[in-house]
Amino acid sequence: PGGFQMLRSMEHLIGLPELRFESERWNIDNGNDALKFCSKVCHWCLDSLVPFAFESPWTSLLWETTQMQHLKRCRGARFARTDFSEFGLLWRKATGFLCAFANVSLIERKCEGCHGLCSKSGKPHQHLAGIDLVSGTFWTQVAEPYPRGLCTALIKMSSQACQQLPQNEFATLLEFAAPLRSAADK
């Protein structure tokens, strides 16, 4: 039968050895390559004392990989959880942030509700399954954008972290980012 195919498991974090659709192998390889690249960038940032924030769903198996386990133990790294419902949205959407040299308390907010009720609103969380009947859009797509309050908190966290950088480190960061900015402008 058709439908979603699981690509990873706790026993096979870098991809299941046998797939129902071998065409999914590209997705696994692409994800593994992205993990290797991001891990290298995070290590460069840690070695250079450059702040960063890396995000993925809280329940993602990515956080269980050797690379992420190692990064979470590095000096200067902090791992935080934020739930979108704590910023006023209808859905919980638990999200993990691996940050370096940053005050994660600005973004760390976990819904403490019980019996399926949100601790912020007191109402049940919207499940991210199916289609929103008003917009005709999948709920998972509706929930993609960060809440405005989280964006504000991330900006504040990043700004504070950059203000902590020695001037020469900030100049190095700007030099590193210059080619990325020019590429993004094209």
Which heavy-atom pair separates A80 from W58 by the least distance, and what is that distance? O-CZ3, 3.8 Å
Could you check whether atom CZ of R148 has more than 12 heavy atoms from other residues, nucleotides or ligands sitting under 6.0 Å from it? no
Is there any side-chain hydrogen bond (donor to acceptor under 3.5 Å, both in side chains) pair reaching into residues 95-117, and which pairs are they, with sequence neighbours excluded? N103-S105
Are L19 and I14 linked, directly or through intermediate hydrophobic residues, by side-chain heavy-atom contacts shorter than 4.5 Å (ILVMFWY only)? no
Taking CG in L16 as the centre, count heavy atoms belonging to other residues, nucleotides or ligands within less than 6.0 Å. Is the count above 12? yes
When you measure from the side chain of R8 to the backbone of L13, do you find a donor-acceptor pair of N or O atoms at a distance under 3.5 Å? yes
List, one per line, each side-chain donor-acceptor pair under 3.5 Å for residues 153-162, sequence neighbours excluded.
| from | atom 1 | to | atom 2 | distance (Å) |
| --- | --- | --- | --- | --- |
| S158 | OG | L154 | O | 2.8 |
| S159 | OG | Q163 | NE2 | 3.4 |

To check you understand the geometry: which heavy-atom pair defines the closest contact between V142 and S135, and what is its length? CG2-OG, 4.2 Å
Taking all non-hydrogen atoms of both residues, which atom of L7 and which atom of I28 are closest, and how far apart? O-CD1, 3.6 Å
In Å, rounded to the nearest 0.5 Å, how long is the span from CG of L61 to NE2 of H12? 12.0 Å
Within this structure, what is the CG-CZ distance for the pair L46 and F101, rounded to the nearest 0.5 Å? 5.0 Å
To the nearest 0.5 Å, what is the distance between CG (L106) and CG (L150)? 11.0 Å
Identify the heavy atoms of F84 and P145 that sit nearest to each other, and give their distance. CE2-O, 3.8 Å
Could you tell me the separation between the CD atom of Q126 and the CG atom of L89, rounded to the nearest 0.5 Å? 11.5 Å
For G136 and I131, the nearest pair of non-hydrogen atoms, with its separation, is C-CG2, 3.4 Å
Run the side-chain contact (heavy atoms from CB on, under 4.5 Å) check on I107 and C99 step by step: do they pass? CA-CA 10 Å; I107 61 169; C99 303; 4.1 Å; yes
Could you state the interatomic distance from SG (C111) to NE2 (H125), rounded to the nearest 0.5 Å? 3.5 Å
For the rings on F21 and W26, is their centre-to-centre separation under 6.0 Å? no
C42/Q67 under side-chain contact (heavy atoms from CB on, under 4.5 Å): CA gap, chis, key distance, verdict: CA-CA 10 Å; C42 290; Q67 294 93 326; over 6 Å; no
Is any side-chain heavy atom of S119 closer than 4.5 Å to one of E86? yes
Taking K72 for its side chain and F79 for its backbone only, find out whether a donor-acceptor pair lies under 3.5 Å. no
For the student: nearest non-hydrogen atoms of T82 and F97, plus distance: CG2-CE1, 3.4 Å
With a 4.5 Å cut-off on side-chain heavy-atom distances among I, L, V, M, F, W and Y, is there a chain of contacts connecting V104 to F54? no
NE2-OG1 distance between H127 and T140, expressed to the nearest 0.5 angstrom: 14.5 Å
Between the main-chain N or O of S85 and the side-chain N or O of D83, is there a donor-acceptor pair closer than 3.5 Å? no
